[in-house]
Amino acid sequence: MSASEQAVFDLVVLGSGAGGFATAATAARRGLKALVVEKAEHFGGTSAISGGAVWIYGSDQARAAGAKDSAEAMRTYLKAIIGTGYNPALVEAFIEQGHQALRWLEQNTELRYGLRPHSPDYYPDEPGATEFGRALEMVEYDGRHLGPRFKDLQMPPPGMLLFGGMMVNRVDIQHFLNLRRSPASLWHCLKLMARYARDRLRHPRGTRLTTGNALIARLASSALAEGCELWLRSEAQELIVERGVVTGVIVQREGRLLRVQARGGVVCAMGGFAAGKLAADHRPQVVAHHLSMSPPTNDGAALRLGEAVAAAQGEGLAANFFWAPVSEPRHANGERERFPHLVTDRAKPGVIAVDPAGRRFVNESNSYHHFVQSMFANDIGHCWLICDAEAMNRYGLGLARPKPVDNAALITAGYLHRAASVPALAEVIGVDPQALQQTLERFNADARNGIDREFGKGNNSYNRYMGDPQHQPNPCLAPLTKAPFYAIRIHTGDLGSARGLVTDANANVLNRSGAPIAGLYAVGNDMNSMMNGTYPGPGITLGPALTFGWIVASHIAKRLQAPATPKEQPACTTN
């Protein structure tokens, strides 16, 4: 195909994360000819390595479980957390249509979610917060359903896998932590390992997919089954604009420039700009070595494309990124790996964080976003996560696994630091030994009584949910007394960018005058965060991504007057 030749689709989606594939799967199911264009060698983006959870109001799962919630409570909570950046139009679209989007996707694609039986919002003491009902987690999926495309699915980093290629979810992790304390957990883990062993006879990794990998695999399987095309190693170069309307995109593929027409529009879903050069201009200057979990291809292409059509970009967000503390080992072969400290260590008993001076500065069991905000507030570019032998044996620390795993290689690599005493550990990691000793003495005295007087670790329901429910009186507190002692260096990091293209409630991109740009849409992290750079609960990026992806495709299908397919199930409202 020469550069002058064209390909024609009803809808072109740039990017293959959750927002992109939700758009493509909806469009394809509604009878549209859809194309997904992905710059990377593998599809899935940041979504594929995420926890896969969604945060959404009024799901069928929540209603069936009798969750106590209301649209007004959701509004109240979001107003409290988002503050002055609260956008009523986007929030209303999310509240009113989010559960409809999820219902339609579950009825018309392979997407499946289950309700977390207990999952408090990240700020459980704020008005409108709930203890459960808004957070749902991905149901596992068999990657073999992707057929030959399984090899093209973005694989999570090795640190998020067990035994070199076995995926686990939140429930599985808890079973592995209880392996030596519960026969039920032992049986659960043995079954997982047997399945993994069978998989490795035929596949380079386990085919039991969980979390974000299962999310992307489910949506991709559905989209591809409905005739959606997926182009990998293909990059959008510029938008095609005719009489003020975006009608397509120029794509570089296999060394050629292709003119791809999009009858219904172009959707930017390329994951934001957290891995691009632009990112440094929008982070606090205290950062010397910041670590993003975004893949290198998330370089801000949507912002570049939007500039050419005078698209408006978000300004004045509470944060331009979704923050997370991240550690980074360097392996023997020179490769570096990044590990986000989200759920496995910070909130557990016997674990604390200290600044470079050896002093605590934060409630370690608060959300990852809040944790890094506290680093910035204290002008800290890095900190240390510290535990004793008891906590290490029971929970692990970062990439270091709990007993009986041998973590010697991580010690040799300089990632995990170990010492026989607290003063010796302080010397190893370069903090004031006296300050660290005083910090631990003060913390240990509180921990024995189950009350953290300094920062309140374990004081609210979200903290306790993240701790160890079998540890009393406080699931998040235990003194650090048993040698040896361990430490890992933690850097400021992020899970992606929040600042993006400004849109209306249909995810239609707006120009700098506030008018919709016909034919141009944005979802996922390319869409300016409806949360305004705040983080109210688990899955607050993926919930809106699925919702607005469904809204975009439905909006375009209606505009093109695409008839419902015979198999399509409507998302009946059950309010």
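All heavy atoms count here, side chains included; hydrogens, waters and symmetry mates do not.
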Please check this pair: side chain of [X] against backbone of [Y], looking for a donor-acceptor N/O pair closer than 3.5 Å.
X    : Y    : result
D494 : W323 : no
S513 : A515 : no
S16  : G44  : yes
Q261 : T247 : yes
R112 : E106 : yes
N506 : N508 : no
R134 : W55  : no
N511 : A310 : no
Y368 : P340 : no
R63  : G58  : yes

*Looking at residues at least two apart in the chain, or sitting in another chain, which of them share a ring pair (Phe, Tyr, Trp, His ring centres under 6.0 Å) with H282?*
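By the ring pair (Phe, Tyr, Trp, His ring centres under 6.0 Å) rule, H282 matches F273.
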_Please enumerate all residues that pass ring pair (Phe, Tyr, Trp, His ring centres under 6.0 Å) together with Y86, with sequence neighbours excluded._
none
*Dump the intermediate steps for side chain to side chain donor-acceptor pair (under 3.5 Å) on E110 and Y141, then the final yes or no.*
CA-CA 9 Å; E110 294 193 55; Y141 188 63; 2.8 Å; yes
*Would you call the rings of F94 and F548 parallel, tilted or perpendicular, where under 30° means parallel and over 60° means perpendicular?*
parallel
*Any luck finding a side-chain donor-acceptor pair between S554 and R30 under 3.5 Å?*
yes
Within this structure, what is the [atom1]-[atom2] distance for the pair [X] and [Y], rounded to the nearest 0.5 Å?
X    : Y    : atom1 : atom2 : result
R259 : Q6   : CZ    : CD    : 5.5 Å
K39  : L14  : NZ    : CG    : 10.0 Å
N528 : N532 : CG    : CG    : 7.5 Å
H341 : F371 : NE2   : CZ    : 9.0 Å
L111 : N108 : CG    : CG    : 11.0 Å
L305 : I250 : CG    : CD1   : 11.0 Å

*Take L495 and T541 through the side-chain contact (heavy atoms from CB on, under 4.5 Å) test and state the conclusion after the steps.*
CA-CA 10 Å; L495 304 175; T541 56; over 6 Å; no
Between [Y] and [X], is there a salt bridge with N-O shorter than 4.0 Å?
X    : Y    : value
E328 : R338 : yes
R75  : E92  : yes
D10  : R263 : yes

Can you see which heavy atom on [X] is nearest to which on [Y], and at what distance?
X    : Y    : value
R559 : Y521 : NH2-OH, 3.2 Å
A18  : S47  : N-OG, 3.0 Å
A319 : H369 : CB-CE1, 4.2 Å
P295 : A275 : O-CB, 3.1 Å
M531 : P536 : SD-CG, 3.9 Å
T534 : F322 : O-CE2, 3.9 Å

*Of all residues at least two apart in sequence or in a different chain, which pass the salt bridge (Lys or Arg N to Asp or Glu O under 4.0 Å) check with R512?*
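Listed in chain order: E307.
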_Quick one, L32 with I556, criterion side-chain contact (heavy atoms from CB on, under 4.5 Å). Give me CA distance, side-chain angles, the key distance, then yes/no._
CA-CA 9 Å; L32 301 185; I556 292 174; 4.2 Å; yes
*Would a 4.5 Å heavy-atom cut-off, applied to side chains only, mark V91 and M530 as touching?*
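Heavy-atom side-chain distance check passes, below 4.5 Å.
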*Of the options E140, R208, R205, which is the one that meets N213 in a side-chain hydrogen bond (donor to acceptor under 3.5 Å, both in side chains)?*
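For N213, the side-chain hydrogen bond (donor to acceptor under 3.5 Å, both in side chains) test succeeds with only one of E140, R208, R205, which is R205.
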*Quick one: do V37 and V249 satisfy side-chain contact (heavy atoms from CB on, under 4.5 Å)? Show the steps, please.*
CA-CA 10 Å; V37 177; V249 61; 5.7 Å; no
_Derivation and outcome, side-chain contact (heavy atoms from CB on, under 4.5 Å), residues Q154 and E38_ = CA-CA 12 Å; Q154 177 63 51; E38 173 55 57; over 6 Å; no
_Out of the candidates L215, T46, T547, L136, only one should pair with L542 under the side chain to side chain contact (heavy atoms under 4.5 Å, CB included) rule; please name it._
L215
